[in-house]
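This report concerns only the one structure given below.
Reminder, nothing fancy here: chain letters follow the sequence lines and each chain counts from 1.
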Amino acid sequence: MPYWLMKSEPDEFSIANLQQLGTGRWDGVRNYQARNFLRNMTEGDLFFFYHSSCAVPGIAGIGKITRSAYQDPTALDPASPYYDAKATTSKNPWDAVDVGFVERFPVTLTLPQLKAQPALSQMPLVKKGSRLSVMPVTETEWQAVLSLR
DNA sequence: GCCAACGTTGGC
DNA sequence: GCCAACGTTGGC
């Protein structure tokens, strides 16, 4: 079963929000590489919930995929900040997945902490200049992160 | 708020 | 197909 990491700005949607709601839709991904990873997700996959663009960037918990990729409705909604004028119902390039809450870490595993782990050095997350918001995580990386909890 | 790094767009 | 300009991401 594959593992993933997905970034979200906690001001928009945080691990606490997911915990409260129990479930949510992961939408608004507007990058082709990230979208392709979304399409490779299957129900039951686990992912690290990463908080970006905030006071303490880092991994804040774990979620799971509860519905595999489907057309992202926000691309078709003119009122949405994620609206894409080029998307149509028959030709919508963007996908969303549904997610469920699994676990919230007692404390966020900070980016400097993650960068200090040799086992995580190959992750796009810790690489300079990388902006990829959805990425695969290897079994080794997954376990290395879990050991930091 | 700054700015480095990146992806996308569009003229040629 | 090249590449400059632009907009965005995201840490600091």
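For A/Gln33 and B/dC6, the CD to P distance is 12 Å, given to the nearest whole Å.
The only option from A/Phe101, A/Tyr3, A/Trp142, A/Phe49 that meets the side chain to side chain contact (heavy atoms under 4.5 Å, CB included) definition with A/Ile62 turns out to be A/Trp142.
Salt bridge A/Arg39/A/Asp95: present, at least one basic N to carboxylate O contact under 4.0 Å. Comment: A/Arg30 engages A/Asp72 in a salt bridge, judged by a side-chain N to carboxylate O separation of less than 4.0 angstrom. A salt bridge is defined here as a Lys NZ or Arg NE, NH1 or NH2 lying under 4.0 Å from an Asp or Glu carboxylate O, and A/Lys86 with A/Asp84 fails to meet this definition.
Heavy atoms of A/Lys86 sit under 4.0 angstrom from primed sugar atoms or phosphate atoms, though from no base atom.
Residue pairs that meet the side-chain hydrogen bond (donor to acceptor under 3.5 Å, both in side chains) test with at least one member in residues 46-68 of chain A, sequence neighbours left out, do not exist here.
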* Structure fact -> Protein-proximity profile, nucleotides 7-12 of chain C, B/S/- by nucleotide at the 4.0 Å heavy-atom cutoff, equals BBBBSS
